[in-house]
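First the structure, in the form of structure tokens, and then the observations on it.
In this text the structure is predicted, and so the values were computed from the model without any measurement. The chains referred to below are lettered A, B, ... by the order of the sequence lines, with proteins before strands, and numbering in each begins at 1.
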Amino acid sequence: MADYTSLEKIRLEKIEELRAEGIEPYPTRAERTHTSAQAISGFEAAVEGAEVRATLAGRIRATRPMGKLTFAHIEDGAGRIQLFLRVNELGQEQVDFFNRAFDIGDFIQAAGVMMRTRTGEATLLVHEFRMLAKAVSPLPAAKDETLEDGTVVRHAALEDSELRARQRYADLAVNPQTRETFRKRAAVLRSLRAFLDGEGFLEVETPILQPIYGGAAAKPFTTFHNQLKQQLYLRISFELYLKRLLVGNLERVYEIGRDFRNEGVSYKHNPEFTQLEFYWAYADYLQVMDLTERMVSFAAKEVTGSYKVVYQGTEIDFTPPWKRIEMRAGLLEATGVDIYAHADGDSLAAALKAAGKNPPADAPRGKLIDWMLSEFLEPKLVQPTFLYDYPRDISPLAKSRPGDPLTVERFEGYVAGFELCNAFTELNDPLDQESRFIEMGRDYAADDEERHPMDEDYLRAMRYGMPPNGGFGMGVDRLTMLLTDKHSIREVLLFPHLRSGASEEE
RNA sequence: GGGCGCGUAGCUCAACGGCAGAGCAGUGGCCUUUUAAGCCAUUGGUUCUGGGUUCGAAUCCCAGCGCGCUCACCA
């Protein structure tokens, strides 16, 4: 049972008193004729002297009792509005009743006539009011101060990011900017769907519970179907199922949904995250690049109203075309070392040392290139930039460039120094794919969890013939971070994963 | 997983080895145009948890839990 605080005990007593007076603190129905915004705009538009009646419903956010009158602000889905309760209309008993029984956080229904107070605020002069839902626990209510210049300063706002995430309901209830963040998140999803639908892509849904996981290098979550006695995995990507659909003659498909990766958490990683993947028959990675910059800039415009957004104090310009840097040239410029001149790790490491760098010891070539990227190139990619043509060492799933087997047709989009998306010209040779499965199985044999299992059904699909195609994946949470100016993924997830939440540990 | 930092009233924070405090919220009172309303009075604490040092610990030490930053791992 809940352990009530002294504040809660007082409110529980108020509930008992209401019931004792025959008043239901949680009535079944509410009435409302106007939202706060409708009441105010209706009043502003009305001709002088015309009476604007309204019944409002909302949550009490502030009260200012003054003896024979009380001012209050309520908040509903459309904004805030002031209530004016006065002895003249209600009688002393009702004004006292309001002050005695109603608290900040309670839901109230109030009917009356719109009026203007001495300070000019459009206000509902209340003739009738009733309780819609009594709050037992006090909301961490902030107070807003409006300065001379109109800026609003919040005092004692609920700020602790952990508490806000654990009790998102309270965060949403008291912090309008949190509600705004999640409206923008919805707008991001809406804009991506609208864009891809407009390009002729079909939205599909593929299994989250999969007997064989694949499509990315990540550790899966495992689960178990009791009746079928079957080991299942939560998907780590959509790739292998979406590409099966290309075999089925669906030429353009996309899915927006949840991926699950059993890895560490950080400000840009959550164990479950929202991914967008699309696959496009007869397109290659350069066409995907064009589409990507159009899609992301479209989303930026739809969500923020502009191609230019400010992220953590820096202006990011999503206007196409984005900067394109070939990886080899980019690394050569950043480090003075040409990765193509060095076919193995030892040679590349020696060249890096000669260039005054301090590479990790005993690393293979692919690992060194990764290190060069993250150390010298990625941090510089603040404005939207495509890095393209990756060494095959670090891209086992992409198709090689014709006549250049060591380079694959792959690009990653970088913004604000972190990876936003990843795409390549996809493998469609079933025999090549099979040998890569075997190769990856061998590479990871020591580590059961990261080993790529052979997906026989996927190979069977590919053997029926898969058109050449370009594939794309993007972290929707990361795009949302960029468009809402949030540093942490937790700020754009309603209920991010946190340790020791509801469940007891063993 | 490593390093650094933080955890005090419902919320925001002070006190930094010597009686655990303030503002807001709450409670009681005054107040018929307030808006962080004001004035008077007042309630409220496992100082994250568990050990230790000390005459004395919110404060110092150790361990744990949680969060943040960072590195590593990881796309």
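Judged by closest nucleotide on RNA chain B, Ser266(A) is the one of Ser266(A) and Phe273(A) placed further toward the 5' end.
Phosphate contact (OP1/OP2 of C69(B), side-chain N/O of His487(A), threshold under 4.0 Å): present. Arg64(A) has a side-chain polar atom (N or O) that falls below the 4.0 Å cut-off from OP1 or OP2 of A37(B). The shortest distance between the side-chain N/O atoms of Arg100(A) and the OP1/OP2 oxygens of U27(B) is not below 4.0 Å.
Applying the side chain to side chain donor-acceptor pair (under 3.5 Å) test to every pair with at least one member in residues 376-385 of chain A, sequence neighbours left out, gives these pairs: Glu378(A)-Tyr414(A).
The partner of U59(B) is absent, by the rule that a Watson-Crick or G-U pair needs both atom distances under 3.5 Å. In a base pair of the Watson-Crick type (N1 to N3 plus N6-O4 or O6-N4) or a G-U wobble (N1-O2 and O6-N3), with each distance short of 3.5 Å, U54(B) is matched with no nucleotide. As the counterpart of C73(B), no nucleotide is assigned, since no Watson-Crick or G-U wobble pattern has both distances under 3.5 Å. In this structure, C67(B) and G5(B) make a Watson-Crick or G-U wobble pair, each of the two defining distances being under 3.5 angstrom. Using the Watson-Crick or G-U wobble rule with both distances under 3.5 Å, C16(B) pairs with nothing in any strand shown. In this structure, U32(B) makes no Watson-Crick or G-U wobble pair, since no nucleotide meets both defining distances under 3.5 angstrom.
Asp284(A) is linked by a side-chain hydrogen bond (donor to acceptor under 3.5 Å, both in side chains) to nothing, counting only residues two or more places apart in sequence or in another chain. Considering only residues two or more places apart in sequence or on other chains, Asn270(A) meets the side-chain hydrogen bond (donor to acceptor under 3.5 Å, both in side chains) condition with none of them. The salt bridge (charged side-chain N to carboxylate O under 4.0 Å, His left out) search around Arg401(A) returns Asp389(A), not counting sequence neighbours. When the side-chain hydrogen bond (donor to acceptor under 3.5 Å, both in side chains) test is applied to Thr117(A), the partners found at least two apart in sequence or on another chain are Thr119(A). For Glu426(A), the salt bridge (charged side-chain N to carboxylate O under 4.0 Å, His left out) partners at least two apart in sequence or on another chain are Lys243(A). Residues passing the side-chain hydrogen bond (donor to acceptor under 3.5 Å, both in side chains) test with Thr407(A), sequence neighbours excluded: Tyr340(A), Asp404(A). Listed by chain and residue number, Arg86(A) satisfy the salt bridge (charged side-chain N to carboxylate O under 4.0 Å, His left out) test with Glu89(A) (two or more places apart in sequence, or in another chain). In this structure, the side-chain contact (heavy atoms from CB on, under 4.5 Å) partners of Ser161(A), at least two apart in sequence or on a different chain, are Arg164(A), Glu491(A).
One P atom belongs to A57(B), the other to C19(B), and the distance between them is 12 Å to the nearest Å. Comparing G26(B) with C62(B), their C1' atoms sit 40 Å apart, to the nearest whole Å. Taking the C1' atoms as reference points, C6(B) lies 14 Å from U59(B), given to the whole Å. One P atom belongs to C16(B), the other to G3(B), and the distance between them is 30 Å to the nearest Å. Atom name P, nucleotides A14(B) and A22(B): the rounded distance is 15 Å, in whole Å. Using P as the reference atom, G44(B) and C30(B) are 23 Å apart when rounded to the nearest Å. Straight-line distance between the P atoms of G52(B) and A72(B): roughly 40 Å, to the nearest whole Å. Nucleotides C13(B) and C31(B) have their P atoms positioned 37 Å apart, rounded to a whole Å.
Between the C1' atom of G26(B) and the CD1 atom of Ile60(A) lies a distance of 15 Å, rounded to the nearest Å. Atom NZ of Lys134(A) and atom C1' of G26(B) are 11 Å apart (whole Å). A straight line from CG of Leu124(A) to C1' of U34(B) spans 16 Å, rounded to a whole angstrom. Distance CG (Asp96(A)) to P (G28(B)): 11 Å, rounded to an integer number of Å. With rounding to whole Å, Asp103(A) atom CG is found 12 Å from A25(B) atom P. Distance NZ (Lys486(A)) to P (C69(B)): 14 Å, rounded to an integer number of Å. Rounded to an integer number of Å, the gap from Leu12(A) CG to U27(B) P is 13 Å. In this structure, Arg490(A) atom CZ and C69(B) atom C1' are separated by 13 Å, rounded to whole Å.
With U27(B), U70(B), G68(B) as the choices, the nucleotide that has an atom nearest any side-chain atom of Tyr267(A) turns out to be U70(B). Side-chain atoms of His269(A) lie closest to C74(B) of the nucleotides C67(B), C74(B), U33(B). Residue Lys68(A) places its side chain closer to U32(B) than to any other of U33(B), U32(B), G68(B).
Within the 6.0 Å centre-distance limit, the rings of Phe102(A) and Phe129(A) are counted as a close aromatic pair. Under the 6.0 Å cut-off for aromatic ring centres, Trp280(A) and Tyr254(A) do not qualify, their centroids lying 6.0 Å or more apart. Taking the six-membered ring wherever Trp is involved, the centroid distance between the rings of Phe84(A) and Phe71(A) falls below 6.0 Å. Ring pair Tyr233(A)/Tyr213(A): centre-to-centre distance below 6.0 Å.
Listed in residue order, the members of residues 71-94 of chain A having a heavy atom less than 4.0 Å from RNA chain B are Phe71(A), His73(A), Gln82(A), Phe84(A), Arg86(A), Asn88(A).
No contact: Lys268(A) has no heavy atom under 4.0 Å from any strand. Across all strands shown, Arg164(A) has no heavy atoms under 4.0 Å from either base or sugar-phosphate atoms. Residue contacts shown for Arg261(A) are limited to sugar-phosphate atoms, with no base heavy atom under 4.0 Å away.
The aromatic rings of Phe260(A) and Phe221(A) sit perpendicular, their planes meeting at an angle over 60°, well past the 30° parallel limit.
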Are any protein N/O atoms closer than 3.5 Å to N/O atoms in nucleotides 6-14 of chain B? If there are, list each pair with its distance.
| from | atom 1 | to | atom 2 | distance (Å) |
| --- | --- | --- | --- | --- |
| C11(B) | O2' | Ala156(A) | O | 2.7 |
| U12(B) | OP1 | Glu159(A) | N | 3.3 |
| U12(B) | OP1 | Asp160(A) | N | 3.3 |
| U12(B) | O3' | Glu159(A) | OE1 | 3.2 |

Can you tabulate the close N/O pairs, meaning under 3.5 Å, that link protein atoms to atoms of nucleotides 38-44 of chain B?
none

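Within a 6.0 Å radius of CD in Glu93(A), no more than 12 heavy atoms belonging to other residues, nucleotides or ligands are found.
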